[in-house]
Structures are given as structure tokens and as C-alpha cells.
> 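I am attaching a structure below and will ask some questions about it afterwards.
Residue numbering restarts at 1 for every chain, and letters A, B, ... go by the order of the sequence lines.
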2 protein chains.
Amino acid sequence: MTLTQSSDAEALAGAMLPRTGERQRGIDRAIGVLELLLQRRQPLSAGEIARALKAPRSTIYEIVNRLIEAGMLEPAGAEGQVFFGRTMHLFGSAYLNSDSGLRRFGEALDSLSAATGATVQCCTRRNNKYVVLDCRDGTGAFRITSEVGAEVPLPWTASGRALLGHLSDEAILTLIPPADFRLPNGGLLSPNQFLSDVAQARQNGFFEATGLASSYTWCQAVPVFGRNGIAAFTLCFVLPIDSAVEQRERCLALLIEKARQLSHATAG
Amino acid sequence: MTLTQSSDAEALAGAMLPRTGERQRGIDRAIGVLELLLQRRQPLSAGEIARALKAPRSTIYEIVNRLIEAGMLEPAGAEGQVFFGRTMHLFGSAYLNSDSGLRRFGEALDSLSAATGATVQCCTRRNNKYVVLDCRDGTGAFRITSEVGAEVPLPWTASGRALLGHLSDEAILTLIPPADFRLPNGGLLSPNQFLSDVAQARQNGFFEATGLASSYTWCQAVPVFGRNGIAAFTLCFVLPIDSAVEQRERCLALLIEKARQLSHATAG
DNA sequence: GCATCTTGTCCGGAATATCGGACTGTCGTA
DNA sequence: TACGACAGTCCGATATTCCGGACAAGATGC
């Protein structure tokens, strides 16, 4: 994993792909295509994909056409561009409905959303980033929404603190790219501050933050522990910054309660 | 597409896979594995998958492990069994959030569900079966739920009538396997009755049915037409059989209105 | 008009992924 | 105990997939 020049191909290689530069198997190319589309979150043409992946054009055309045939990709957007297809949704739904996985979280989100009307999410760590796995959008005037599957730097989120409690300071700094400490508002977060946040989250069993990803939100995150005692997921509320203190406290209490119920009951 | 002996491998071959019996590419094997899991809707072991697909065991182990590594499959169930993984859900969510595809349908379902409290679905034809693409479960005492992605014989459903209006009688009888005329209650539906149902749905612009898939439900289906004038989707209500007539009529009117709004505005 | 960059397709060659089969252990069961 | 079925791993050979490169046709820019 070199740190010379950054590129999509290398970023994905670090995340998923085994070897790079060499001749690759079709299945590896296919996974690369899908991961790229997930990261970019918009239709891409075969040529763009090949360039981003540093893969042969002819190969990508072949793979993309096969995936379209299977319904996992679909023509989308202007000309020759593709994005995820209908079959992918069916696969994803089958996962959600399966016993293990997110089923219990979906019910928890429903209940939390119904009880508060606020935006509530289930999040996890993936490729050393933070991702929203599932969410229920709030009903208020300021409708705070979040995108499932988009990877966000861990230091930008309250959940980022709650997800790293089992790691040493050194391990944490190793897995977070330095660039991720640059917040979206341009400010730089000190790594030491972040480490102290993580320690605080570990001690309290939750973390509250504001002004991180957005200055209009107040975020609460509570870890959900797997059987191995590691925080595999978080449950979080995303509240408007001007929420009443009582409302905040009520939400946090509900969150802690639900997270406790889910802990250990889920795969780690 | 032979009609000699039925097997999973052949059923899937007819649906998705190009050639069978020969050496196959990894990507084709992978797609076969995913389609099989979607069809079975439960965790399977590598051995079971290999047997069902008539594929070499060593190859399936290899493919399954690669898919697990990518998060598209996950260990699930007792021992060595696998099912869809977290990454699949992220891919599927990206599809749902994309402009084309089901986004507009999701909003329509929300609105219909909110207005009536009934179970409402968006359905389509896939592999010459009926599948639910997305749904909102009703709120009533008799909570009627439906499983997204499960393939059901077209003659079992009201939507099955509404989806075939653009086809000739002959074409319809060709694409429906004879076994699909056997209803879940054991009764046999006459093909001619089905053809006349389809004609009726074409004329009325909707179809209502009861006692088909279940004797406790009253189903309403309205086609949604793509740019090519073909019914690409249906919107349907699944009501308890004892719903008041006024409620039924109100639901049907809402359904027709929404389907009209969605027609042509969506990819065919 | 010419140069440059695309997209999409096609083709032959060679690196290698798929396959069949062997092997070990484990579990029931007769 | 012997037997059969199954999970999981490993390995060598060869049929084939992936790759690089060429090509036509269209866009774009100067």
C-alpha cells in the first residue's frame, strides 16, 4: 500500500482489491466496478470506469455488459453511462430481510423514529470510514436526511468516536488517513482531540457532537456491541441544533436503551 | 430452453446464465450464486450451491470466498452457510436513491400508504414471474406483508393480469410455464380464464382479484406504462377481504391516479 | 481542415483461472 | 467397526479469459 500518488484505483485497492497492476480476474474487475460506483454515487461510462480503475477498456466493456445482462447494472443517465440495477435492489432487500444482519436494527429505527420524529440512523465502520447503513428521516420542518452507503471520514461524526473504543490510540491514528482530520468546514481537528473524544465516548457509553459534519445539527451516537465486545454498529440521532435540552436528553436515553437491547444480540 | 428435466441449474440458466455444462467464467459463476440465493431466500453452504448449480465444488468455494471478502456475501446460519452481505445492501440502496429506477415509486408508495394505511406494493415482471419490487406494509390489525424479490407465478396475482396487456394470447401462454396455473390452494386455473382476465385488465386499466394467492385478501393492480407503452410495473393494494366497498373504491381511485402520474415519466 | 480525444467493437496471443480429482477429518448410521 | 456423505483444502494441467492494440466513427477545439 504505497503512499506515493493517490488515485481511485489505489484507494479501492487499499479497500478491497487484492493485487493491482497485474492481470486480474473477471470477478475482481466486477467487484471493482461495483465499489467504484458505490463510491462515486452517480452513473459512469465504461470509459470513465476503466480510467478510474486503471483497467483495460476492453475488459471493462465486457464486464459491464455482463453485469447489465444480469440486471446488477442498468443503463442510466445520458449516454452509455451505467449505474446499479434493479437486481441489486433485490439482493439488498434479501439481505435486509434475512435474520442476521440489519433486520433488528430496522425495527429499532422504526421504533425510535416513531417515538421522537427525529432522524435516526444505524451506522458502522467500513474501509476505515463511517457509513450509514440504514436510517429513518425525521418529520420536522428541517428535514435532515442522510445517504445510506456514502463513506465519510470517521472524525467528522459522533459515531466515529463511538466506533473506535476498542482500539489503542496508536491503532486509531494508523487507520485514519491524515486528510480525514480536515473537517468539511475547512477547520483542522487535532488528532489528540479526537483521541480524547474516543476515550470520552468509551467512558460514557455515548458521544454527543455538534459542528462537526454540519453546524446545524446536534448528533448523538451510542455504540452497539457484538459478541466479541467490539462496537460493531452505532445508533444515532441527528437533531436540529436548536432542539430543547429535554428533547435531547429524552432521545439520548432512548438511544442508550435500544443500543443496550441490541448489543450482543447481534453478530459482531 | 429445454423442457426435459427441471433443475435449479436449468431454471437459472433459462433466467440468466448464458451457457451451461461447460467451463464457465468466474463472473458467471458469481452471478449464478447470487441468483440462486435470491431464489432460495435462505443461507446455503458452498456444497449446496455447487450441487444446485451443477458447478465444481472447488470453484464455488473460491467464488464464495471472494464474494465474502467483498462483503457481498456473509457467513450466515449454522455452519459454513452464506447469504447476502452488508455491501449488497449498500449497492441496493444506491440504486433506490438513484434518479432512474424506483425512486419515484418509493414516494408514491409512501403517499398511498399514508392516505390509506393499507399494504401497497410496486411490482414488475422478472424471469416471467411476478416480483414485488418495493412495498409499504399496512397498519391494520391484519398486517399483510409481502416479501420483496420473491418470484411468484404470474397467474397467482392481480398484477400478473395487468402486466401482460401488450402481449398476444399466444405469447402469454408461451411464457407462462404450465405449472404456474396451479394455484397455491391446489385449484387449477384455466388458461382461457387467465387470458380473459388479461383482456379485461387491458380494457379497464386495472384488475381486482380475490382468492388467488390467498383467500383472505382483496387485491387491486393498476399498470404503470413506460415510454414504449408497455406495462413495466404495477401499483397494487392488498386489502383485507372484508374491507368496506367504499374503502375499496377509494383505494382503486387513488391507485389509478398515481399510476397515471407515474406512467411515461419512468423508464420502460 | 487538422489534430486530439473520445466511444464502441474486434481480434490474436499468452498468462492463468477454472476444473477435476485427490486427500484429510468429521459426522451419522447401520 | 465399517461405511457413506459431507466440509474444506490443495494441486497440476489446459482450455480460456483477459489484455493490448488496432480500427472506424464521431465530438471537440483551434
Side-chain angles (χ1 to χ4, degrees), chain A residues 7-10 12-13 16-37 40 42-70 72-83, chain B residues 7-9 12-13 16-37 40 42-70 72-83 85:
Chain A
S7 78
D8 284 304
E10 285 172 18
L12 289 174
M16 283 287 142
L17 299 178
R19 47 188 172 262
T20 167
E22 293 294 305
R23 185 188 205 255
Q24 279 191 8
R25 301 192 296 174
I27 189 175
D28 291 333
R29 293 297 188 194
I31 291 169
V33 169
L34 298 174
E35 285 289 338
L36 179 70
L37 286 173
R40 297 288 191 89
Q42 59 177 332
L44 296 175
S45 72
E48 290 173 297
I49 293 172
R51 220 172 306 127
L53 258 34
K54 291 184 179 161
R57 255 164 15 97
S58 54
T59 302
I60 296 301
Y61 271 97
E62 167 70 25
I63 295 292
V64 164
N65 285 332
R66 183 70 186 91
L67 291 177
I68 288 176
E69 199 185 336
M72 296 173 68
L73 296 183
E74 273 179 13
E79 177 136 1
Q81 299 187 296
V82 298
F83 202 60
Chain B
S7 78
D8 284 305
L12 289 174
M16 286 285 142
L17 298 179
R19 47 189 172 261
T20 168
E22 294 294 304
R23 185 188 206 257
Q24 279 190 9
R25 301 193 297 173
I27 189 173
D28 291 333
R29 293 296 188 195
I31 291 169
V33 169
L34 298 175
E35 285 290 337
L36 179 69
L37 287 173
R40 297 289 190 87
Q42 59 176 334
L44 296 175
S45 72
E48 289 172 297
I49 295 172
R51 219 172 308 128
L53 258 34
K54 293 183 180 164
R57 247 155 32 88
S58 53
T59 302
I60 297 301
Y61 272 98
E62 169 69 26
I63 295 291
V64 164
N65 284 332
R66 183 69 187 92
L67 291 176
I68 289 176
E69 198 185 337
M72 296 172 68
L73 297 182
E74 274 180 12
E79 177 137 2
Q81 299 187 297
V82 298
F83 201 60

> I'd like to know if A:E69 pairs up with A:R66 as an ion pair, taking the criterion as any Lys NZ or Arg NE/NH1/NH2 lying under 4.0 Å from an Asp or Glu carboxylate oxygen.
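Here A:E69 pairs with A:R66 in a salt bridge, since their nearest N and O are under 4.0 Å apart.
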> Of all the nucleotides listed (D:dA22, C:dC19, D:dC19), which has the minimum atom distance to the side chain of A:R57?
D:dA22
> Please state whether the base of D:dT17 and the side chain of A:R23 form at least one donor-acceptor pair under 3.5 Å?
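Indeed there is one.
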> Quick one: A:Q81 CD to C:dT7 C1', roughly how many Å, whole number?
12 Å
> What is the separation between atom CD on A:Q24 and atom C1' on D:dT17, rounded to the nearest whole Å?
14 Å
> Counting heavy atoms from C-beta on, name the nucleotide in C:dA17, D:dA7, C:dC19 closest to the side chain of B:T59.
C:dC19
> Both A:I27 and A:E48 contact DNA chain C. Which one's nearest nucleotide lies toward the 5' end?
A:E48
> Please figure out whether A:S58 or A:Y61 has its closest DNA chain C nucleotide nearer the 5' end.
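Of the two residues, A:Y61 wins.
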> Using the test side-chain contact (heavy atoms from CB on, under 4.5 Å), find all partners of A:F83 that sit at least two apart in sequence or belong to another chain.
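Expected list: A:L37, A:P43, A:A76, B:A94, B:S98.
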> Please report how far the helix from C:dG1-D:dC30 to C:dA30-D:dT1 bends, comparing the axis fitted to its first five pairs with the axis fitted to its last five, to the nearest 10 degrees.
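Nearest ten degrees gives 30° for this helix.
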> For a quick check, tell me whether the side chain of B:R25 and the base of C:dA17 share a donor-acceptor pair closer than 3.5 Å.
no
> Go through C:dC19, D:dA7, C:dA14 for me and flag the one nearest to the B:S45 side chain.
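Among the listed nucleotides, the one closest to the side chain of B:S45 is D:dA7.
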